[in-house]
Amino acid sequence: MANFSKSTVPQFSVEVYQNEYLPEGGREVNAIVTVTSTGGGTTGRRSLTGAPAATALPGQGPNAAVVIMVDCSGSMDYPPTKMRNARDATSAAIDTLRDGVAFAVVAGTHVAKEVYPGNGALAVADAATRAEAKNALRKLSAGGGTAIGTWLGLTDRLLASADVSIRHGILLTDGRNEHETPEDLRAALEACAGRFTCDARGVGTDWVVKEVTGIASAMLGTADIVADPAGLAADFTEMMENAMGKEVADVALRLWTPVGVEIKFVKQVAPTVEELTERRTQANTRAGDYPTGSWGDESRDYHVCVQVPEAGVGQEMLAARVSLILPAADGTSQVLSQGLVRAVWTADMVASTSINPQVAHYTGQAELAQVIQQGLEARKSGDFDGATAKLGRAVQLAADSGNADTAKLLSKVVDVVDAATGTVRLKAKVADADEMTLETRSTKTVRVKK
């Protein structure tokens, strides 16, 4: 891979929001790190491989590859319109591919089969190959079981055949992963993680939320429900448009800490809550990298919490340095941007007890995601008092933070008596689609009001 210059990639910026003041003996330092990427993919730039970009548009040219995995198990024939909608959605996604992008379509059952172009290859998108791919989709029919790990494995092999830096998968399923063990799926995810990103969608209401969200989480992609199969085409088009907007892959959030500082957690908190703490890979003696996946023009927020050594009033230290890192094939890396997390000990109680608004907001958003999931689990297990308490707290948090979308989803599961106090009653009957939508989207957050 060629050496990178700042003109070859989007411009990244890092902003750190925190209250750096601690009381005497205070040890916990919290910071929200906002990462923003802008301005990639302009005319005349070279791709990250050093080759000329095929066009002026983001995600185009030989620098991107996409594989669409379509569930073709027997359940996709009930009702028959589901398979037809899946074909139409895949066709719409293929239409959204930009010229020059490498692509393939995989049919998933208890085995994975290449639909187009076949022979272990990828096609290059243009008018002719898009038409051929859409013609091949007409042959898709439902029949067989579901073993998603095999779909991911074939997708990985296909994407690995392309000399590109942006590798992306889109996965559609309508049922449970019944024809392989959870260990098989976990092994497939571990093998594929870091090799490509993957968005996952569950269609209808017969699939398992934790399976689909777990796939997306492991592959640094998005997860959602399409309860009505008629909505698949619009969803697939939007997913593909987002994939086409990715301009740089494999960006890492690097956290350097001085001697004596311990990392308590690192998590993404916007646009969704995603735990990253256990995904750390050691960069050097004092630094570790946390994966963030592919980037286009966008902004994300991360919550970093570290524990510093005790110190007296008047002392100050660098608690952590946060950098955005773009690795190269030759083992070197480029620092795209960085920010500093500080700790200052003071006797001013007002300063040391003030909670930074961004930290407070995202602490609440992370709790909101957690109590929704806990509340729904309690409801499923018959613990209605526990479910009422957790979902009531969720309603209160959603109202406090202005998360109107989550508040609306909660209102389909509980009757809200008083949002301010979190007083709710569980609804006697809840549609499967409403419960699954709330669970699937529970980790979606709103940005802090600045």
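Note that the structure is predicted; figures quoted are calculated from it, not measured. Counting from 1, the numbers follow the sequence of the chain as shown.
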Is any side-chain heavy atom of [X] closer than 4.5 Å to a side-chain heavy atom of [Y]?
{"X": "Val124", "Y": "Thr129", "value": "no"}
{"X": "Glu298", "Y": "Lys246", "value": "yes"}
{"X": "Leu122", "Y": "Val67", "value": "yes"}
{"X": "Phe265", "Y": "Asn30", "value": "yes"}
{"X": "Ile148", "Y": "Met69", "value": "no"}

All N/O donor-acceptor pairs, side-chain side in residues 133-143, below 3.5 Å, sequence neighbours left out:
| unit_1 | atom_1 | unit_2 | atom_2 | d |
| --- | --- | --- | --- | --- |
| Lys134 | NZ | Asp95 | OD1 | 2.8 |
| Lys134 | NZ | Asp95 | OD2 | 3.4 |
| Asn135 | OD1 | Arg138 | NH1 | 2.6 |

*Take Val446 and His361 through the test side chain to side chain contact (heavy atoms under 4.5 Å, CB included) and record every step on the way to the result.*
CA-CA 9 Å; Val446 291; His361 174 82; 3.8 Å; yes

*In chain order, what residues pass the salt bridge (Lys or Arg N to Asp or Glu O under 4.0 Å) check against Asp415, with sequence neighbours excluded?*
Lys427

*For the atom pair CD1 (Ile325) and OG1 (Thr292), what is the distance rounded to the nearest 0.5 Å?*
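Those atoms lie 11.0 Å apart.
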
*Look up atom OH in Tyr78 and atom CG in Asp206, then write down how far apart they are to the nearest 0.5 Å.*
12.5 Å

*Should Phe236 and Thr90 be marked as a side chain to side chain contact (heavy atoms under 4.5 Å, CB included) after you check the CA-CA gap, both sets of side-chain angles, and the distance that decides it?*
CA-CA 7 Å; Phe236 265 45; Thr90 306; 4.0 Å; yes

*side chain to side chain donor-acceptor pair (under 3.5 Å) between His168 and Thr197: does it pass, once the steps are laid out?*
CA-CA 5 Å; His168 193 77; Thr197 56; 2.7 Å; yes

Is it true that [X] and [Y] have a side-chain N and a carboxylate O under 4.0 angstrom from each other?
{"X": "Arg279", "Y": "Glu274", "result": "yes"}
{"X": "Arg130", "Y": "Asp99", "result": "yes"}
{"X": "Glu377", "Y": "Lys390", "result": "no"}

*Carefully, step by step, assess Glu439 and Lys380 under the rule salt bridge (Lys or Arg N to Asp or Glu O under 4.0 Å).*
CA-CA 12 Å; Glu439 184 178 0; Lys380 290 174 187 175; 3.1 Å; yes

_By the ring-ring contact (aromatic ring centres under 6.0 Å, His included) test, which pairs, at least two apart or in different chains, include something from residues 80-120?_
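Every ring-ring contact (aromatic ring centres under 6.0 Å, His included) pair that includes a residue of residues 80-120, provided the two are not neighbours, is Phe103-Tyr116.
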
*Candidate pair Arg84 and Thr81, rule side chain to side chain contact (heavy atoms under 4.5 Å, CB included), full reasoning*: CA-CA 5 Å; Arg84 184 170 68 246; Thr81 52; 3.1 Å; yes

*asked:* Show the nearest heavy-atom pair for residues Thr443 and Ala369, with the distance to one decimal.
replied: CA-CB, 4.0 Å

*Would you check if there is a donor-acceptor pair between the side chains of Asp301 and Thr34 at a distance under 3.5 Å?*
yes

*Taking everything shown except Glu183 itself, do over 12 heavy atoms lie less than 6.0 Å from its CD?*
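Atom CD in Glu183 is crowded, with more than 12 foreign heavy atoms closer than 6.0 Å.
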
*salt bridge (charged side-chain N to carboxylate O under 4.0 Å, His left out), paired with Arg201, selected from Asp71, Asp235, Asp174*: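 So the option named by the test is Asp235.
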
